[in-house]
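Data first, discussion second: the structure below is written as structure tokens.
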Amino acid sequence: MEKEHKTVSIPASLYKKIEEAVRNGAGSSVADFVAQAVREALEKPVKKQEPEEVFSPEDEEKVKERLKALGYID
Amino acid sequence: MIQPHGGKLIDRVLKGPALIDAEKRAKALPAIRLDAEQTSDIENIATGVFSPLEGFLGEKDFRSVLDKMQLTNGLAWTIPVVLAVDKKTADGLKIGGDVALLNPAGEPAAILHLAEKYGYDKAETAQKVFGTTDAAHPGVAKIMGMPEVLLGGSIDLIRETPTPFHKYKLSPRETRKLFQDKGWSTVVGFQTRNTPHIGHEYVQKSALTLVDGLFINPVIGKKKKGDYRDEVILESYEELIKNYYVPERTTMAILMMEMRYAGPREAIFHAVIRKNFGCSHIIIGRDHAGVGSYYAPFAAQEIFSQFPDLEITPLFFRSFFYCKKCGSVVSDKICPHGKEHQIQFRGTEIRDMLLRGEYPPAELVRPEVAKIIMDEKNPFNE
């Protein structure tokens, strides 16, 4: 277990709810409960934003032609 | 412009040599004939309407959608997009092999790269997606009637199936180009399965004051008995736009897709689809995608609080009515007058008037729209 710890603040109402959950067996302490929840959240896959798709000039022209043919653009 | 869901617009439409090869190979592959709705699903997958899906859900994604309303990669996804076949058909298909997916006319429409075959619990699926197992719910009835094995795997589209609504059918690539061409960076999507009444018009125009453009996107496909026929919906919107909308700020294209009537879950699904079309905003009204009284009136709005990372912004609207004293369309938030001054936009009442051959009052329906409906021999699905 890591020895160094930092302090973070959470709303008192949330703290009370965690205390209650701990009393009901969800973890050994409030600190453990929060640390575990944060670990789980960090393990979730992070969505990567890829750059916006760029059409090839040929594809762009095809799309434009179809939009024109259908009367969507002049 | 807003990014597609998952960051990339899926394109699984075969072209060039790959298309020629697939057309040849499809003739020798085991085949499954799809119905019109399944055919729409493969086109929606291939053209990016359902981005990031690249095919029918595998079991892990299916379970994740049911239990967590997200794909296994963490992206929001609320409606299972699946392909069900009977056990005998499934037994004849090899995992790792390819399967030809035929359109209703029997032509090869796509190739499925079969990755998984798995069973599912119909009652559980219905309960989780629709919040009920009542067989009177059209979505539940559909699940209960589905065959017992689901096939998962990516697909490649060989051909789009012709539709009489071709001129209204745009892919997300095309709508994105269209919005860009019009100079719209913010666009509000309006999902509909109805002919427009004045309440719809008010909501659309109110939303349009906040953004650059309005994208009216009627759902075309299987609907329930008594819903307006697709032709009537499109013609009435054409007439409305022609007479009452600023053409530089409004456009319409269809979404070929079956309504699921999954209420709140479907509202999220609809938002994801409009995001893929390039909409930065979506209008969510009262009982969006609901049916009967299965969902609380504003459940489809409340569910968005569970999806803070959706990126498309929902615009929530309350119930509107015409107030005779105000002389305009209002809601209870802005009108101080009593119920005796209100004329409600009740779709069933408007429908009943039309069925009796009566023109609804101009406070409810534009006369041009009413005429389109009245001129139809049978404007409703049977």
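What you see is a predicted model, and the numbers here were worked out from it, not measured in a lab.
Rounding to the nearest 0.5 angstrom, the gap separating the CZ atom in B/R173 from the CZ atom in A/R66 is 13.5 Å. Remark: B/K177 NZ to A/D59 CG distance equals 11.5 Å, nearest 0.5 Å. Rounding to the nearest 0.5 Å places OH of A/Y72 at 10.0 Å from CZ of B/F179. Note that the CD1 atom of A/I73 and the NZ atom of B/K182 stand 9.0 Å from one another [nearest 0.5 Å].
Shortest non-hydrogen contact noted between B/H166 and A/L70 is CD2-CD2, 4.3 Å. Contact detail for A/L67 and B/L178: the closest heavy-atom pair is CD1-N, 3.8 Å.
No side-chain heavy atom of B/R176 sits under 4.5 Å from any side-chain heavy atom of A/V63.
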